[in-house]
Every structure is written in structure tokens, then in C-alpha cells.
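Scroll down for the structure; my scribbles are underneath it.
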Amino acid sequence: MDIQYLLFLQQFRETTQGVFNSLFLFITAFGEDTLLFAGIAAIYWSVNKQAGLYIFFNYHFGNYVNQFLKITACINRPWVRDSRVQPVEAAKGAATGYSFPSGHTAKATAVWGGLGRYIFSASKRIAWLLWSLVLLVGFSRNYLGVHTPQDVMVSLILGILLFMLGDKWFHYQQAASQRDWMSVWIGLAAGVLLILYAGMKSYPMEYVDGVLLVNPESMIHGAFKGAGGVCGFFLGWILERKAVHFSTDTFNREEKVWRALIGLAGLIAVLKVGPSIWGMIAGGGTSSFLNGLIPAFYIMGGFPFLYHFLSTWKMLEKKSEGK
């Protein structure tokens with residue numbers, strides 16, 4: 001049934017001559033890291049710190065579970081399972097490795113769904129709009145032919161279940177400051193466990209015409225990146241919590257915009273230039289780990305610390321000049 005559904009959508013694409021392809025490629029981008037990180041960072045730094053913290057935790061928690069399931073289930077992409085499935089070519093670049101569950105859907109559920117859950121009491125209409133976006137991202141993965149319905153549905157269901165666990169962590173760590181380091185050590189331990197599991201488990205070595213269908217190295221590197229993201233989140237979080245303590249409520253509108261623009265410029269450099277630098281310095285799994293760790297650390301604690309330090313330095317300089 002899953003393949004028949006994809007073939008039905010494929011026939012629709014062919015009948016309409018791909019007129020909706022660009023639209024769904026645009027929608028699916030709402031489940032990709034660059035856009036998600038930019039949205040999370042802007043919210044966390046300049047709009048609502050607690051909302052940003054909540055959805056970024058959901059992102060890394062969901063991505064961690066997604067990476068674990070991918071390397072455990074090792075289920076091939078739809079076009080590998082059935083050669084009749086011909087995905088939209090432009091979507092295949094972001095559809096590497098194993099298929100189950102859908103990473104785009106998991107990330108969109110964590111971020112846009114998590115934000116909808118966070119603001120539901122304040123604005124039900126916006127919350128429903130955000131949840132509709134999550135469903136559209138999931139459907140786009142089917143429409144483009146890169147995921148089966150079960151890939152998407154499992155990610156949606158897992159995302160909802162993980163919200164509940166995320167809520168418990170959110171309330172747990174805010175209840176008492178002495179719990180901060182316990183959360184950090186648990187997060188770091190979880191990252192190490194995923195690295196060990198990904199590096200030590202066996203993977204299917206399936207060939208077609210002498211070509212390996214899925215290179216285990218790519219899946220291992222994906223898991224290392226996910227583990228790095230979890231570690232970077234908690235290290236950045238504890239740095240901000242112990243050394244910065246910023247509040248978005250204290251910024252005026254101009255400062256919020258300025259703070260977001262400066263921070264996003266640095267984030268783009270980290271996301272687009274950083275991987276080449278880490279590759280030259282370390283390479284292999286270490287580079288993948290850093291690709292996950294450094295952006296998460298930068299968003300959670302690195303940029304807030306730098307901004308706080310520079311703001312404090314400028315304030316002290318002005319006071320000294322006044323004397």
C-alpha cells in the first residue's frame with residue numbers, strides 16, 4: 001500500500017507536469033537545518049528565550065531518537081525498494097542514507113510543532129497554522145517520493161510523544177538549580193552512547209550492480225553529528241545558565257533586531273564555513289561530531305556569552321569615559 005500511494009502521487013506529478021514540484025520543495029525546506037536553526041536562534045536570542053530553549057531541546061531530542069532508529073532499522077529509500085518509484089530529482093540531494101523514519105518530519109514536528117504547543121494558550125490560530133505546516137512538511141516528503149507514509153507517520157507520532165518527555169525535562173531543570181549539572185551529564189552521556197552504538201553495530205552491505213546502496217560511514221557520521229548536537233546543546237545551555245543569564249524581556253525592539261542580525265550572521269558562517277574548517281582540522285567522525293556540536297553550542301551559549309561580554313565591556317568603557 002505504501003508504494004502504491006507513492007506511485008499515485010507520482011502519477012499526479014506526471015499528469016500535472018510537475019507544476020507543484022517547486023511548491024513542495026519550498027515546503028520541505030521548513031524541515032531542513034539552516035532554516036530551522038535560524039528560526040530557533042532568532043526566537044531564543046530576541047523574542048522569547050524560554051520558547052527557544054523548549055523547541056531547541058525538542059529538536060535535538062527528536063533528532064537523537066531519529067538517528068538511533070535510522071541506524072537500527074536500516075530501511076532503504078522507496079526507489080531502492082521498488083524501481084517504479086521515481087522521486088523528484090531535486091529532492092534526492094537531501095534524501096541520503098536510510099529512509100525510516102523521516103528526519104525532515106521529525107525536525108519540523110520538534111520545532112514548528114513544539115512552538116505551536118508552546119504558544120497554544122496565547123494564540124490558538126497561530127498554533128494551528130504551525131501544526132498545519134508540520135503536516136505539509138510530512139506530506140511533501142511523500143509527494144516528492146523520498147519517504148513512505150509510515151516514515152512520516154512514525155516521525156509525527158514520536159514527535160508528539162517526545163513533547164511529553166521534553167515537558168518533563170523542561171519543568172525538572174527549572175525547578176532547582178542544583179539539577180543543572182545532572183541534566184548536562186545525562187545529555188553528554190547520551191551523546192557518548194549514540195557514538196558508541198553507531199560505531200560498533202553492524203550494518204547491511206547491500207550492492208546493486210556493484211554499487212553499495214547505503215554506505216555505513218555516512219550513517220555513522222550522521223549519528224555522530226546528532227550526538228554532537230546533543231552535547232553542544234547542553235554545554236551551551238550550562239554556559240548561558242551559569243555565566244550569562246540573559247532575558248529577552250530586557251531588550252528594546254531595536255536591540256532585539258540588532259542582536260538577531262549579528263547572531264544570525266555568525267550562525268551562517270558557522271553552518272556554511274565551519275564544516276570545511278572542521279574537516280581540515282579533524283576529518284572523519286570527529287568532524288561530523290563538531291558539525292553537530294558547534295552550531296548547537298553557538299546558539300545556546302556561545303553567541304549569548306559573546307554578546308553579553310561585549311555589551312558589558314562597552315558599558316564599562318562608557319562609564320570610564322564619563323569619569
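Just the heavy atoms: all of them, side chains too, but no hydrogens, waters or symmetry mates, feed the values below. Counting from 1, the numbers follow the sequence of the chain as shown. As the structure is a computational prediction, the values presented were derived from the model and not from experiment.
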Phe246 six-ring face occupied by Arg259 cation (under 6.0 Å, within 45°): yes
Cation-aromatic face contact Lys124/Phe120, 6.0 Å, 45 degrees: yes
So, the side chain of [X] versus the backbone of [Y]: is there a donor-acceptor pair under 3.5 Å, distance only?
| X | Y | answer |
| --- | --- | --- |
| Trp45 | Ile299 | yes |
| Gln67 | Lys225 | no |
| Trp131 | Gly113 | yes |
| Tyr298 | Gly263 | yes |

Of Tyr98, Tyr197, Phe61, the residue whose pairing with Phe68 passes ring pair (Phe, Tyr, Trp, His ring centres under 6.0 Å): Tyr197
Minimum-distance pair of heavy atoms, taken over all atoms of His104 and Val137: O-CG1, 4.0 Å
Pair Phe233 and Tyr59, ring centroids less than 6.0 Å apart: no
Distance flag, aromatic centroids of His60 and Phe56, threshold under 6.0 Å: yes
Single hit among Thr28, Thr105, Thr148, Asp151 for side chain to side chain donor-acceptor pair (under 3.5 Å) with Arg141: Thr28
Tyr203 atom OH, neighbour heavy-atom count above 12 within 6.0 Å: yes
Within 6.0 Å of CG in Leu165, more than 12 heavy atoms from elsewhere: yes
